[in-house]
Amino acid sequence: MIARLHDPHYDRWAAQIRRTGGCSQPIHLRGKVEHIDRATGALLHRYSTTSEPGGVLRVRCKTRRASRCPACAEIYRADTYQLIRAGLVGGKGVPATVAAHPTLFVTLTAPSFGAVHLRRENNGKTLPCHARRDAGSCPHGRVMSCTARHAADEACLGEPLCPECYDYTGSVLFNATSPELWRRFTLALRRRLAKSAGLTQWELREQVTVSFAKVAEYQRRGVVHFHAVIRLDGPDGPASPPPAWATADALADAVRHAASAVAVTAPAAEDEPARVLHWGAQLDIRPITIGGELTDQAVAGYIAKYATKAAECVGTLDRRVSPLDDLDALPLREHARRLIAECFRLGALDDLADLRLTQWAHMLGFRGHFSTKSRRYSTTLGQIREERAEHVRAEAVSTGRLPLFEEDTVLVITEWEYAGQGYSLGDALLAAALTGTPMPGPVDSAGGGA
Ligand SMILES: [Zn+2]
Ligand SMILES: [Zn+2]
Ligand SMILES: [Zn+2]
């Protein structure tokens, strides 16, 4: 810390850090940008990191994971919010008339894999977890009842009443096959819509576009749920109105049908029989309406929040684990440890190799994307980021920090190379003070280049 403060390049270093906006693990880049006059070949402007402190430029890590970098995840969250909201009420190139299109907020759940401790509430009153007057004992001698009224932060939430009885195989296979289950759900949804309107699939495409944006949420028991905005547009996407028959009721019917109809089979492998995975019986379908019970802001906020989370609430690790790791030595919740061990056990079976369970053990088998959307939903994160970059560029030009070039006449050559990531402990403390962010935890990849 003292060495950094006395460094003659400290001011420039501090300016770099402020620009990363409190990123807790900035990426170090080495390279240059040259602006060259296309007609004459003259060098108009040159930036190189050789004159930067340590010879590197520190830029945001841009992760979506709040557990890794709160500052960058906050930007991701805000961008996702704008993206989702544009698909509900317009904006970002989507006309406001989209608000009148039938739109549902749908939650698809996982089935039960055994009784777990949970917090149940009714009208603000906490109810007993699993009160069963006539509860017998399981084959392992555990009474399958729990009369506790659990608090919201109790560690046992999501833990099975009997870990020996719990279907860890099913839980892991559900996570692993859920992206395919979702894909089949969207296909079945379109099929049902077409059928109920008396159309072929081809005719449906000429009348209706089904758009969606979805996010995965980990339950404390370690399985994913999907929350999705599903919207009906006309054939040209959000700018075109859907036909009169394509109502919210028709969409809800198609969602209900598709959710109950689809299944994915995990193949048999050695002693493991083939397993058929399907959605849980709990299905939540709610219309999104302006000024209604469920507003566009609430839905956009909800999806954006989950887009920055992963499996950390289950008590697993935020990084890959290997079958060579000693699971007992890692800071894991017992339930997460068993789920990870099950991923390793099934991942070693040849017939299940396609599920890549070993690589995704830290995610408890889920290897899908956390938030996805169909092409026509609204704008893209890339476009939102480009708008922001353009805004920053324009500001830099207007304040004289960047020269203004006619785009067509200038050739821009960029050359970047990765040179490390993160902070040394001293730099991390200084950066936290400079950007007003919380003091960092243990530093993972200390200091490359710093
Ligand atoms: Zn960051
Ligand atoms: Zn309980
Ligand atoms: Zn048992």
Side-chain angles (χ1 to χ4, degrees), residues 16-29 56-80 112-122 125-133 135-171 219-221 307-310 318-319 333-335 338 342 381 385 388 418-423 427-428 431-432 434-450:
Q16 276 193 16
I17 299 312
R18 281 195 203 93
R19 281 198 60 181
T20 64
C23 175
S24 55
Q25 47 173 17
I27 293 172
H28 305 179
L29 295 174
V56 295
L57 181 68
R58 292 152 186 87
V59 297
R60 289 178 181 282
C61 71
K62 295 188 180 166
T63 183
R64 68 165 187 86
R65 308 275 294 266
S67 57
R68 293 189 182 162
C69 177
C72 291
E74 173 53 25
I75 292 177
Y76 188 92
R77 191 200 60 74
D79 286 355
T80 303
S112 169
F113 298 105
V116 297
H117 292 283
L118 34 93
R119 177 179 164 82
R120 296 196 303 126
E121 274 180 285
N122 191 11
K125 264 186 65 185
T126 309
L127 304 175
C129 167
H130 273 282
R132 302 278 185 279
R133 210 185 306 278
S137 299
C138 77
H140 313 95
R142 290 188 177 89
V143 181
M144 295 310 266
S145 166
C146 172
T147 52
R149 294 165 202 265
H150 295 299
D153 53 355
E154 248 174 85
C156 71
L157 292 178
E159 305 260 350
L161 266 56
C162 175
E164 269 71 42
C165 285
Y166 196 76
D167 181 9
Y168 284 93
T169 313
S171 175
Q219 301 288 288
R220 290 189 68 141
R221 60 186 165 123
T308 66
K309 294 197 185 324
D318 194 14
R319 61 171 176 83
R333 263 174 70 196
E334 179 55 27
H335 185 54
R338 284 180 184 251
E342 186 63 9
L381 285 176
R385 287 178 190 136
R388 186 166 49 237
Y418 176 83
Q421 183 173 16
Y423 288 120
D427 280 356
L434 277 170
T435 55
T437 47
M439 288 292 167
V443 182
D444 234 11
S445 49

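Order of appearance sets the numbers: ligands from 1, and atoms from 1 within every ligand. We count residues from 1, following the sequence as given. Quick note: numbers below take in every heavy atom, side chains included, and nothing from hydrogens, waters or symmetry partners.
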Chemist: I'd like the atom name of the N/O/S atom in His117 lying closest to the Zn ion (ligand 2).
Modeler: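 Of the nitrogen, oxygen and sulfur atoms in His117, the Zn ion (ligand 2) lies nearest to ND1.
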Chemist: Would you please indicate if the ring centroids of His28 and Tyr423 are separated by under 6.0 Å?
Modeler: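 His28 vs Tyr423: aromatic centres not under 6.0 Å.
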Chemist: So which of the N, O or S atoms of His150 lies nearest the Zn ion (ligand 2)?
Modeler: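 Checking each N, O and S atom of His150, the shortest distance to the Zn ion (ligand 2) belongs to NE2.
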Chemist: Show me the pairs that pass ring-ring contact (aromatic ring centres under 6.0 Å, His included) and involve residues 142-161, at least two apart or across chains.
Modeler: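 Matches after skipping sequence neighbours: His117-His150.
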Chemist: Which residues and atoms, protein N, O or S only, are under 2.8 Å from the Zn ion (ligand 3)?
Modeler: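 Under 2.8 Å from the Zn ion (ligand 3) - ignoring waters, which are not counted - the protein N, O or S atoms are Cys138 SG, His140 ND1, Cys162 SG, Cys165 SG.
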Chemist: Taking the side chain as every heavy atom from C-beta outward, state whether Arg119 and Leu157 have any atom pair closer than 4.5 Å.
Modeler: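 The answer is yes; the side chains approach within 4.5 Å.
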Chemist: Can a salt bridge be assigned to the pair Glu154 and Arg149 using a cut-off of 4.0 Å between side-chain N and carboxylate O?
Modeler: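 No salt bridge links Glu154 with Arg149.
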Chemist: Could you walk me through whether Glu342 and Arg338 pass the salt bridge (charged side-chain N to carboxylate O under 4.0 Å, His left out) test, one step at a time?
Modeler: CA-CA 6 Å; Glu342 186 63 9; Arg338 284 180 184 251; over 6 Å; no
Chemist: Say whether, by atom type as modelled, one donor and one acceptor occur between the side chain of Ser24 and the main chain of Arg68 under 3.5 angstrom.
Modeler: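 Checking the backbone N and O of Arg68 against the side chain of Ser24, a donor-acceptor pair under 3.5 Å is found.
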Chemist: Taking both backbone and side chain into account, is any N, O or S atom of Cys129 nearer than 2.8 Å to the Zn ion (ligand 2)?
Modeler: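 So Cys129 does bind the Zn ion (ligand 2) by this criterion.
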Chemist: Looking at side-chain heavy atoms only, is the closest gap between Ile75 and Lys62 below 4.5 Å?
Modeler: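 Not in contact.
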Chemist: Restricting to ring-ring contact (aromatic ring centres under 6.0 Å, His included), what partner residues turn up for Phe113, sequence neighbours left out?
Modeler: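 Partners of Phe113 under the ring-ring contact (aromatic ring centres under 6.0 Å, His included) test: none.
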Chemist: Counting distance only, does the side-chain N/O of His335 pair as donor-acceptor with the main-chain N or O of Pro160 below 3.5 Å?
Modeler: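 Not a single qualifying donor-acceptor pair exists.
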Chemist: Given side chains that start at C-beta, do those of Gln25 and Thr63 come closer than 4.5 Å, heavy atoms only?
Modeler: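 Gln25 reaches Thr63 side chain to side chain.
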Chemist: For side chain to side chain contact (heavy atoms under 4.5 Å, CB included), just list the numbers for Asn122 and Arg120, CA-CA rounded to whole Å, side-chain angles, deciding distance to a tenth of an Å, and then say yes or no.
Modeler: CA-CA 7 Å; Asn122 191 11; Arg120 296 196 303 126; over 6 Å; no
Chemist: When you check the space around the Zn ion (ligand 1), which protein N, O or S atoms turn up under 2.8 Å?
Modeler: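 Atoms qualifying: Cys23 SG, Cys61 SG, Cys69 SG, Cys72 SG.
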